[in-house]
Each structure stands twice: as C-alpha cells, then as structure tokens.
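Have a look at the structure below before the remarks.
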Amino acid sequence: MSQQASETVFQEWQNNQALAEQMIPLVGRLYRQNNVVATMFGRSLINQSVIRIIKDHRFVRKIEGTELSVEDTFPIVEAMSTLNLGPAHVDVGKLAVTFKKQGAGDLDAFLRRELKDIIEGYQPGASKGEPQDVVLYGFGRIGRLLARVLVEKAGGGNLLRLRAIVVRGRGDVAKDLEKRASLLRRDSVHGPFEGTISVDAEARTLTVNGNVVQVIYADSPSEIDYTAYGIDNAVIVDNTGIWRDEAGLGQHLECKGAAKALLTAPGKGDIKNIVYGINHATLDENDRIVSAASCTTNAIVPVLKVLNDEYGVANGHVETVHAYTNDQNLIDNYHKGDRRGRSAALNMVLTETGAAKAAAKALPELEGKLTGNAIRVPTPNVSMAILNLTLDKPADAASLNDYLRRMSIDSAYQKQIDFVDSAEVVSSDFVGNRHAGIVDAKATLANDNHVVVYVWYDNEFGYSCQVIRILQQMSNVEFLKLPHRG
C-alpha cells in the first residue's frame, strides 16, 4: 500500500473516531430524555466507548455483508435527536443498512416512515411510570453481576431500582461493607466496575453510580421488614439457591414490603421456570414466585426452539462443558455430591445436569426427546453446550448455519441467540457476552438428519442479563422495537 493510501485509511479512522465522539452524547440524551435505547444490531450503544462503537459497526460486515461506518449512522442518530421520539429500542444499524440499500435519498422522510410509531412521542414532564424496587437476596457471583447490570440500566425508561442487598452478618459492619464494595468494584473474571462506589458504614449503604443501596444483614427472610428502609412492593431476587420450592421461597413474600420473588436457579414443583424469549409470555400478575431456570437451560432452549421450528427435533443428547462453580472444592475435600469433592482447579469432573429435562418444561414439544450430562472443567467462567441432535428433516452445515445466523439477527430471539463464524475463538472471548448462547458456526457438523451444534455461553453474565429481562417482564417494563424487521 502506498503512503498516500495509508494516509487515506488513517484519515478515515480518525473521522470515524470524531463522529463516534459526537454520537455518544446524542445517544445518552436520547436515552435519558426520550427513553430511546439506540442499538447496533442488538448491541446497545449506551455508555459505550468510541472504540466499542467503531467495533460494533465493523461487526455488521460479518452478518450483513455490508460495510457500515460511523459516517453512515451518525446522521441517523443526529436526525433522531430532533424528532421528539417516544420510548423504544431503535436499531440504528438496521436503519443505516436499509437506508444504504435503498440508495439513500431523503433521510428525514426515511426516518419518519420507519419510526412513525414513536415520532412526536416525547412528552416533557410526563410520568414514566412507577419505579420498581428490586432487592438482591444474596450477593455472590450472580448477585454482584445483577447489581452491575441494574445500576448500568438505571435511568431512561427502565424503572428498575436496586434498593437493597441482603447478606448474612459478618461481625465488623464497616469492614464487611468495605469488602462487599471491593468485590463489586473488582472482579477477576469480568474486570473492574465501570463507575464509582462509596461506603457509608453508619447508614449501612453502598452508593453505586449515584444509586443508594441499603445493605441489610439477616440470617433468614423472617428477620426483615423492607418497609423500614422505605422499600415497598419489591421483587426479591433470591441468588442463594438455598430455597427452590414454593414453601422456601414463600418466606420472602411474608416480609413487609415484598411482593414477588424471582429465583436465579431451577425451581422445583409447580414454580414456573422461565427462559426469557421463549416462554416469558406465560407470566401473569398472579405469578408471585418465578424461576429464571439455569444458565445452561437459558443457553440451549432458544437454539433448540428455532431448530425444532425449522427442522423438527426427533431426539438428542445435550453435553455441557461447564466452568467450575463455587459449589465445588478448590482442593479435595468432603462434598455431599458425587465427584464434586475433588479439586475443581485440577480435574474435569463428570456430573449431572437437569438442563435437558428443564428444556422440556420451557418447550413441551421436546418432552422425552432429550438426555443430558455435564463435565465441569478447570476454567472460572464461560461454558459450552454440545447439542447432538437427530432432526426430522435433513440439513447441511452451510444451510443450518445460515438459518441460525438469520435467527440471531432478524428474529424474536435476537437477544438470546448470538452467532460467531471464526476458527480462532476460544472461551475467554465470550466473557461478558449478553446473549443466552452463542452458536459457533465453524464447529457445526451435519450429516443428513444428524447434526451437532456447539453453543458457547457466559454462564454468569449472559445468564444475569436473562434474569434482568425477566425482572423487566415482571415489572411491566417493555419497549417497542424498531425498525419493524424480521
């Protein structure tokens, strides 16, 4: 490449950087003032860095076959900021691709047509609805990630408010609070918290990016009166896994100020196990105790759903290669479960999983068709589900991958299914991925009616995002999604 050509490429990069810098405050204003969430093919542009925005634009080339730069999207975001838009999720990337494919033209007329449902929908001073109080009962791996996401989403039209966390007493309150804050501030897997955290030992609060969160010390739900802290009609998110049936989780509902309970583990008995994107529509106002199922169930069910819809699943086996968890021992020691007493950091540990049976609860059409097993491996996060399936119709790898790619872009499962087509990706590449599962296209195998599909998933963060989506559903927080495509 000549020096002149190199300078041209560098200048284009600088131009994109400059436009991305100008886009950030526009995206922020649309969110906080109009409750408009701007996305790039499902990836939120809110609170993103300049480099992240540019990378999300490059991502479009992999899924659309069309180059997209910030030069294409900035005029769209700029024009959106003048249209007094009402609340919605607006995919700026899809708008830009459609506008380019139609040969550009009158941008204002294009946006007024595509966004007609929300044009002039902003009403200054209008009520955004009643905020929903959320309490995290337990503050371990999932609890802290839920706190991060809840704080990140506070503002705009989200309405979810993290009001308190409940933990067991640890003696010196000041020292305990500092340690809780430190664990939220720093994470060996997910990196540092993006923001500020301060501790008030006297008030027993953590202030996280301006959100004042009460820390409540209790050994059981029966000790708590949430109204004493100004908390009312709250959803209690139980991250402990201690109680998984109605009798146990019902303890939360006996507390003053608690209205509903959401379990971040598979529920037992008649408790609804919800995989958001699949059976969340079955939730109604009368459901006071709900389960978010397991991370593995959330990863496999959306992919199984779309495969069953298109090809039909006759039968199959799900093998989970799962990161070790806090339930295992670091070194060999007693454990009531089979094999789990052996060192998690030194061994692959064969264990059971209820994900296959749980999948049938969310997808009754798969009842009795799936078996499952799991292997815990010495990595701290990101797991993989191997779907070994016999289909009703034959398929080849190329057509199967193309179908799954389309489902990840233009379907109701866009937030649940992600898609990657690279021969170089490994587990750590998916840390922080917000989808329930990510199809690895390069690993797909197909031989007539027999296929093997590999699905990565961040069993901590991706699952936490699914839990937040259920919280929004339980709190009647819903957004119109535009443009109407797919």
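Small disclaimer: the values here were computed from a predicted structure and weren't measured.
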Per-pair distances, 0.1 Å, donor-acceptor, side chain in residues 249-256, under 3.5 Å, sequence neighbours excluded:
from : atom 1 : to   : atom 2 : distance (Å)
Q251 : NE2    : G248 : O      : 2.9
H252 : NE2    : D238 : OD2    : 2.7

>> Regarding Q132 and N476, do their side chains bring together a donor and an acceptor under 3.5 Å, going by distance alone?
In response: no
>> Side chains of T296 and Y457 only: does a donor on one sit below 3.5 Å from an acceptor on the other?
In response: yes
> If every non-hydrogen atom of N273 is compared with every non-hydrogen atom of S291, which pair is closest and at what distance?
Replying inline: OD1-OG, 3.0 Å
> Would you find a donor on one side and an acceptor on the other, under 3.5 Å apart, between the side chain of R434 and the backbone of K415?
Replying inline: no
> Distance-only, no hydrogens or angles: does the D429 side chain make a donor-acceptor pair with backbone N or O of V426 under 3.5 Å?
Replying inline: yes
> Counting distance only, does the side-chain N/O of D440 pair as donor-acceptor with the main-chain N or O of Y454 below 3.5 Å?
Replying inline: no
>> I'd like to know whether CG of L330 has more than 12 heavy-atom contacts from other residues, nucleotides or ligands below 6.0 angstrom.
In response: no
> Only one of N381, N459, D187 clears side chain to side chain contact (heavy atoms under 4.5 Å, CB included) with R141; which?
Replying inline: D187
>> Taking side chain to side chain donor-acceptor pair (under 3.5 Å) as the definition, give me every residue that meets it alongside Q416, ordered by chain and number, with sequence neighbours left out.
In response: Q466
>> Looking at N329 and G341, would you say the former's side chain and the latter's main chain have a donor-acceptor pair under 3.5 Å?
In response: yes
> Where is the tightest heavy-atom contact between R148 and L184, given as atom of each residue plus distance?
Replying inline: NH2-O, 3.3 Å
> Between the side chain of R163 and the main-chain N/O of Q214, is any donor-acceptor distance below 3.5 Å?
Replying inline: no
> What residues, two or more places apart in sequence or in another chain, satisfy side chain to side chain contact (heavy atoms under 4.5 Å, CB included) together with S464?
Replying inline: I142, L145, L146
>> Under a 3.5 Å threshold, yes or no: a donor from one side chain and an acceptor from the other, between D176 and Y217?
In response: yes
> For the side chain of R288 and the backbone of A259, is there at least one donor-acceptor N/O pair under 3.5 Å apart?
Replying inline: yes
> Is the CD1 atom of I51 crowded by more than 12 outside heavy atoms at less than 6.0 Å?
Replying inline: yes
>> If you count heavy atoms of other groups shown closer than 6.0 angstrom to CZ of R52, is the number above 12?
In response: yes
>> Under a 3.5 Å distance rule, please check whether N239 uses its side chain to pair with a backbone N or O of F139 as donor and acceptor.
In response: no
> What residues form a side chain to side chain donor-acceptor pair (under 3.5 Å) with N15, not counting sequence neighbours?
Replying inline: Q11
> In this structure, are over 12 heavy atoms from other groups packed under 6.0 Å from E223 atom CD?
Replying inline: yes
>> Restricting to side chain to side chain contact (heavy atoms under 4.5 Å, CB included), what partner residues turn up for P75, sequence neighbours left out?
In response: L107
> Under 3.5 Å, side chain of D72 to main-chain N/O of S69, donor-acceptor pair present?
Replying inline: yes
>> Using a strict threshold of under 4.0 Å (side-chain N to carboxylate O), is an ion pair present between R339 and E352?
In response: no
>> If you compare all heavy atoms of I24 against all heavy atoms of Q48, which two are closest, and at what distance to 0.1 Å?
In response: CD1-O, 3.6 Å
> So, the side chain of N433 versus the backbone of H435: is there a donor-acceptor pair under 3.5 Å, distance only?
Replying inline: yes
> Do the rings of H190 and F461 sit parallel, tilted or perpendicular, given the 30° and 60° boundaries?
Replying inline: tilted
> Side-chain contact, heavy-atom cut-off 4.5 Å: D410 with K94?
Replying inline: yes
>> Looking at K268, I want to see if its NZ is surrounded by more than 12 non-hydrogen atoms of other residues, nucleotides or ligands under 6.0 Å.
In response: no
> Does atom CG of D284 have more than 12 heavy-atom neighbours from other groups under 6.0 Å away?
Replying inline: yes
>> If you compare all heavy atoms of S475 against all heavy atoms of L160, which two are closest, and at what distance to 0.1 Å?
In response: OG-CD2, 3.5 Å
> Can you find a heavy atom in the side chain of Y324 that is under 4.5 Å from one in the side chain of V349?
Replying inline: no
>> Consider side chain to side chain donor-acceptor pair (under 3.5 Å). Of E178, K179, R186, which one does S182 pass it with?
In response: R186
> Would you say R168's side chain and D219's backbone share a donor-acceptor pair under 3.5 angstrom?
Replying inline: no
When the side chains of residues 196-208 are checked against the rest of the protein, which donor-acceptor pairs come out under 3.5 Å, sequence neighbours left out?
from : atom 1 : to   : atom 2 : distance (Å)
D200 : OD1    : E202 : N      : 3.1
D200 : OD1    : A203 : N      : 3.0

